[in-house]
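Below: the structure, in C-alpha cells.
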Amino acid sequence: MCLNGNTVLKPLEELTSGGDCLAFICDLDGKVITATEDVGAYIDISQNGSFVEIGEEQYLQLSCLSAARDFYIGTWTKSVSLTDQIKGIRRLLLAFCGGFLVLMTALAVALQRVLYRPIRRWTPG
C-alpha cells in the first residue's frame, strides 16, 4: 500500500503547530521518509526516549514501530517545553498539598470542637 508521508503526519499537525514539537517518519534503517521540518537524512532510532540535538535545540525523541512493522513514526519535543510543563505540574501539586493541609487542619479543629471539648467537659476531675 502506498501512502504519502504527509498524509500520515496530518494527524500530528496540531501537535507540531506550536513549534515545540516536530514529527517524523523513517524506515527501519532510520532513513527519513518525511518530517515536519528538515532534520537530516537519517535518524538514530536507538535514541528513542533520549534527548537529541537538532540544530541548536535539544529535543526528547519518542518513536514507535508501525503496526505493519515497516516504518517508525515519532516526535521530538523541545526540552524547554517539557521543563515548563514539569514546572506547571509541580506548582499544581504544591497547591494541592497546601489545600490538603489546610483542609486537614480545619478538620482537626472541627473534630476537637465537636468531640473532644464536650467529652472533656463531662469528664470529672
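Predicted model, so just to flag it, every value in this text is computed and none were measured. This chain uses plain numbering: 1 for the first residue, then up along the sequence.
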Would you please name every residue forming a side-chain contact (heavy atoms from CB on, under 4.5 Å) with [X], sequence neighbours left out?
X: Leu92; value: none
X: Ser50; value: Gln47
X: Val80; value: Asp84
X: Arg90; value: Lys87, Leu94

| Under 4.5 Å between any side-chain heavy atoms of Tyr42 and Val32, yes or no? |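 No. Closest side-chain heavy atoms not under 4.5 Å.
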| In the single-linkage hydrophobic clustering (I, L, V, M, F, W, Y; side-chain heavy atoms under 4.5 Å), do Met104 and Leu111 co-cluster? |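 Yes, it is one cluster - the side chains of Met104 and Leu111 are joined through contacts under 4.5 Å.
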| query | Can you get from Phe100 to Val109 by hopping between Ile, Leu, Val, Met, Phe, Trp and Tyr side chains that sit under 4.5 Å apart? | reply |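 Phe100 and Val109: separate clusters.
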Donor-acceptor pairs under 3.5 Å, side chain of residues 59-67 to any protein atom, not counting sequence neighbours: which ones?
unit_1 : atom_1 : unit_2 : atom_2 : d
Gln61  : OE1    : Trp76  : NE1    : 3.0
Gln61  : NE2    : Asp44  : O      : 3.1
Ser66  : OG     : Arg69  : N      : 3.2
Ser66  : OG     : Asp70  : N      : 3.3
Ser66  : OG     : Asp70  : OD1    : 3.1
Ser66  : OG     : Phe71  : N      : 3.4
Ser66  : OG     : Phe71  : O      : 3.3

[atom1]/[X] to [atom2]/[Y] distance, rounded to the nearest 0.5 angstrom?
X: Ile43; Y: Cys26; atom1: CD1; atom2: SG; value: 4.5 Å
X: Gln85; Y: Asp20; atom1: CD; atom2: CG; value: 8.0 Å
X: Gln58; Y: Thr83; atom1: CD; atom2: OG1; value: 11.0 Å
X: Leu82; Y: Thr77; atom1: CG; atom2: OG1; value: 5.5 Å

| task | Could you list who else is in Val102's hydrophobic cluster, with ILVMFWY side chains joined at under 4.5 Å, directly or through other members? | result |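 Taking Ile, Leu, Val, Met, Phe, Trp and Tyr as members, Val102 stands alone, with no cluster partners.
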| Can any side-chain N or O of Asp29 pair as donor or acceptor with the backbone N or O of Lys31 at less than 3.5 Å? |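 No, Asp29 side chain to Lys31 backbone: no donor-acceptor pair under 3.5 Å.
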